[in-house]
Amino acid sequence: MNFDRNLEKYADLSIKVGANLQPGQSLVILGAPIHAADFVHRLVDKAYDMGAKHVHVDWNDEALTLIKMNKASEEALKEYPIWRANMLEDLAKEGAAFLSISSSNPDLLKEVDPERVSLANKTGAAALAPFRSYIQGGKVNWTIIAIPNEEWAAKIYPNVADAKERINRLWETIFQVCRITEDNPVEAWKQHILKLQERLQYLNTKKYKSLHYTAPGTDLTLDLVEGHIWTGGTLSSEKGITFVPNIPTEEVFTMPHKDGVNGTVRSTKPLNYSGNLIENFSLTFKDGKIVHFEAEKGEETLKKLIETDEGSHRLGEVALVPHHSPISLSNLIFFNTLFDENASCHLAIGSAYPFTIVGGTTMSKEQLQEHGANSSLTHVDFMMGSDELTIDGISQNGDVEPLMRKGNWAI
């Protein structure tokens, strides 16, 4: 009964706070896993109770993905169903809300040729670029949540023999870090957002010119674009709908200058990229561009990621997360970016978010690039925070101020 109540509260939070679905608005549920049909049904039921006009469910079966990646022709991997790309773009134009479900097997594609994975990723990214502009531009209200699956739970809890117990533990952890176990999760999230907004106000008042990171294997200086905006917790759509894009979320983030990153950064958590894990990797930057990289595991996958296009050699996001966040304090590696990025300071390879610079949402692609925003088909967060991380903020006049010490806020 308690588990069922938590599921109900999770669905409620996802619709009311995450997507913040409005009466008369359509909802699109993306990546709905077939193994979690019961929970998806609950989301749909909740959405109609909230006054949804239509609820469209995009089902996902990873077994079919793996079969296609192993057996489809190379020519097929160069094609993306244009009807699907057009459908998503049309729904975004019509003002639909989007709820994506993350429930992936971290090792799904580990035996697949990285060339094939890279080809499929590029194809999909190019076809979905118009739709993605609605998401990354904050034009529509959207959110991402997570649902356990057997393979993911086994990866997190390898020493738990019983499969059902692993799933139950992962559900319990998700409920805990998403504040579902609170008596009133909606109110708990309101208070959490207020605390994040206090950080944002401080950082947006400071208007640092650069950030300097030091940690074992990391010595990196990162310039911020002029007119950068720190954001986090919530966003607002073009229609003024406030939503929480990530559940959970502990980050505040902004835009680095695409040509202003120098030094080396080392990852602190594995990166799950397209069903492959990249572990213990480092990136070296010169004038914003990755000029060297290495990884203990998944180096070929990392290479393919960096070579997606010109923009994937540069950064599009810098995010700050305290080491004592609830997700970090769970002492788990989730092998899932939605969670791991909220346990650690992180950077993102690829495209920048236009709403993280003053006037960015009304700028053309060329104007954004002139202001230092990076453009790419991809956007991939990687974690580099730890309890050994020091970050200094460098002011416009060169003053150096402590921002983080031992991975936690020093302000």
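Numbering of residues begins at 1 and proceeds along the displayed sequence. Note: hydrogens, waters and symmetry copies are ignored here, and every other heavy atom, side chains too, is used.
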Take Val252 and Leu320, measure what side-chain contact (heavy atoms from CB on, under 4.5 Å) needs, and give me the verdict at the end. CA-CA 5 Å; Val252 295; Leu320 305 180; 3.9 Å; yes
Full working for ring pair (Phe, Tyr, Trp, His ring centres under 6.0 Å) between Phe3 and Tyr10: CA-CA 10 Å; Phe3 177 72; Tyr10 193 34; over 10 Å; no
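Between Tyr353 and His379, the two ring planes are tilted [angle within 30° to 60°].
Ring centroid separation for the pair Tyr273 and Phe382 does not come in under the 6.0 Å cut-off. Between Phe243 and Phe98, the ring center distance fails the sub-6.0 Å criterion. Aromatic rings from Phe253 and Trp230 are positioned such that their centres are separated by 6.0 Å or more.
A donor-acceptor distance shorter than 3.5 angstrom exists from the side chain of Gln367 to the backbone of Ser364, with no hydrogens or angles considered. At distances below 3.5 Å, at least one donor-acceptor pair connects side-chain atoms of Asn342 with backbone N or O atoms of Leu338.
The minimum heavy-atom distance between Ala410 and Arg405, with the atom names listed, is CB-CG, 4.0 Å.
Leu224 pairs with exactly one of Thr356, Ile357, Thr254, Ile394 by the side-chain contact (heavy atoms from CB on, under 4.5 Å) rule, that one being Thr254.
No side-chain N or O of Asp387 forms a donor-acceptor pair with one of His324 less than 3.5 Å apart. Side-chain polar atoms of Asn149 and Ser103 form a donor-acceptor pair below 3.5 angstrom. Of the N and O atoms on the side chains of Asn141 and Gln25, at least one donor lies less than 3.5 Å from an acceptor on the other residue. A donor and an acceptor atom, one from each side chain of Asn336 and Ser102, are located under 3.5 Å apart.
Side-chain contact between Phe281 and Glu299: absent, with no pair of heavy atoms (C-beta onward) separated by less than 4.5 Å. With a 4.5 Å cut-off on side-chain heavy atoms, Leu271 and Thr337 count as touching.
The side-chain hydrogen bond (donor to acceptor under 3.5 Å, both in side chains) search around Arg179 returns His192, Glu250, not counting sequence neighbours.
With respect to the salt-bridge test (charged N to carboxylate O, under 4.0 angstrom), the residues Arg116 and Glu111 do not qualify.
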